[in-house]
Amino acid sequence: MRVGQMNEYPLTSIVTLALVVLWWVLGSRVSLARATYANKQQNPEMFHSLEIYSDAEFMIAFRNHQNLSEFLVVMWPTLWICAIGVSDLVAASLGFTILVGRIWWARNYSQSISHRSAVSLCLFSFIALMLSAIGGVIYTLIQQF
């Protein structure tokens with residue numbers, strides 16, 4: 001794409017950027033939880049201590065961010081394969097549903113509320129995204145032969 005050309009996938013781009021912002025916000029929570037733990041111990045050296053993994057508040061923030069990071073590794077390629085192979089609207093719609101589910105998940109995770117519904121929303125949305133992406137690839141392959 002040359003400079004000045006229009007983005008062919010504006011909706012998928014917005015969803016991707018929104019997920020980046022969510023990833024950054026959750027990562028910031030990890031940093032804040034780490035600093036809070038060090039302050040509770042009244043020892044700045046505790047900021048980098050392995051003992052931090054025994055703190056429940058830190059672990060909630062850490063696992064919440066880590067779960068999203070692990071998920072994005074497989075979600076983003078699938079999202080963009082769907083956008084390119086099927087449509088920007090389909091990919092963005094499914095990606096937005098995943099974004100909503102991940103925000104819901106993050107809010108409940110930190111409050112010790114069951115996040116099973118949010119996990120289910122993300123899982124079913126991702127399965128639909130993956131099947132759409134696979135269908136788009138298969139359709140393109142069939143068209144070439």
Side-chain angles (χ1 to χ4, degrees), residues 1-39 44 46-145:
M1 182 165 71
R2 291 187 351 242
V3 175
Q5 270 186 314
M6 275 186 13
N7 181 349
E8 295 179 40
Y9 309 101
L11 300 174
T12 303
S13 297
I14 290 168
V15 169
T16 300
L17 290 172
L19 285 162
V20 168
V21 169
L22 178 61
W23 177 86
W24 185 81
V25 167
L26 294 181
S28 297
R29 285 185 179 176
V30 174
S31 181
L32 289 172
R34 187 180 293 270
T36 300
Y37 178 74
N39 288 340
M46 295 298 286
F47 189 86
H48 297 290
S49 168
L50 290 178
E51 291 176 35
I52 198 167
Y53 294 101
S54 65
D55 184 65
E57 288 178 38
F58 172 77
M59 284 308 295
I60 288 169
F62 177 75
R63 286 306 312 153
N64 202 355
H65 181 253
Q66 194 63 35
N67 286 340
L68 178 62
S69 297
E70 293 164 355
F71 179 71
L72 291 178
V73 170
V74 295
M75 191 274 208
W76 273 330
T78 309
L79 177 73
W80 281 94
I81 291 168
C82 182
I84 294 165
V86 178
S87 85
D88 183 39
L89 182 60
V90 169
S93 298
L94 292 169
F96 181 75
T97 305
I98 290 169
L99 173 67
V100 169
R102 291 310 299 210
I103 291 170
W104 184 12
W105 182 332
R107 289 183 55 81
N108 288 351
Y109 200 105
S110 62
Q111 297 175 7
S112 299
I113 300 171
S114 174
H115 54 278
R116 186 171 295 150
S117 299
V119 171
S120 297
L121 177 63
C122 290
L123 176 65
F124 291 123
S125 298
F126 179 72
I127 289 170
L129 181 66
M130 187 172 54
L131 292 174
S132 297
I134 290 168
V137 169
I138 291 171
Y139 179 78
T140 300
L141 286 172
I142 290 171
Q143 293 299 314
Q144 289 182 355
F145 295 106

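The analysis underlying the following values was restricted to heavy atoms, covering all of them including side chains, and did not include hydrogens, waters or symmetry mates.
Here the CG-OG distance, from L79 to S13, works out to 9.0 Å after rounding to the nearest 0.5 Å. Rounded to the nearest 0.5 Å, atoms CG (N108) and CG (N64) are 10.0 Å apart. The CD atom of Q66 sits 9.5 Å away from the CE atom of M59 when rounded to the nearest 0.5 Å. Interatomic distance, I103 CD1 to L99 CG, rounded to the nearest 0.5 Å: 4.0 Å. The SG atom of C122 sits 11.5 Å away from the CG atom of L129 when rounded to the nearest 0.5 Å. Separation of atoms CE (M75) and CG (L94) is listed at 9.0 Å; rounding is to 0.5 Å.
Nearest heavy-atom pair, I98 versus S125, reported as atom, atom and distance to 0.1 Å: CG1-CB, 3.4 Å. When all heavy atoms of A83 and T12 are compared, the pair lying nearest together is CB-OG1, 3.5 Å. What you find for T78 and A133 is that their closest heavy atoms are O-CB, 3.8 Å. F145 and L141 get closest at one heavy-atom pair: CD1-O, 3.0 Å. Listed here is the closest heavy atom pair of V30 and F58: CG1-CE1, 3.7 Å. Closest approach of L26 to H65, counting heavy atoms only: C-CD2, 3.6 Å.
Proximity of L11 to V15: side-chain heavy atoms (C-beta onward) are nowhere separated by under 4.5 Å. Side-chain contact between V20 and W76: present, with at least one pair of heavy atoms (C-beta onward) separated by less than 4.5 Å. Taking 4.5 Å as the limit, some side-chain heavy atom of Y109 sits within range of a side-chain heavy atom of N67.
A donor and an acceptor atom, one from each side chain of W23 and S69, are located under 3.5 Å apart. W80 and T16 are linked by a side-chain donor-acceptor pair at a separation below 3.5 angstrom, with hydrogens and angles left out of the test.
In this structure, R29 does not pair ionically with E57, as no charged nitrogen and carboxylate oxygen lie closer than 4.0 Å.
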Test side-chain contact (heavy atoms from CB on, under 4.5 Å) applied to F126 and L123, step by step:
CA-CA 5 Å; F126 179 72; L123 176 65; 5.6 Å; no
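A cation-pi geometry, defined here as NZ or CZ lying under 6.0 Å from the six-membered ring centre and within 45° of its normal, holds between R102 and F71.
With sequence neighbours left out, the side chain to side chain contact (heavy atoms under 4.5 Å, CB included) criterion links S28 to W24.
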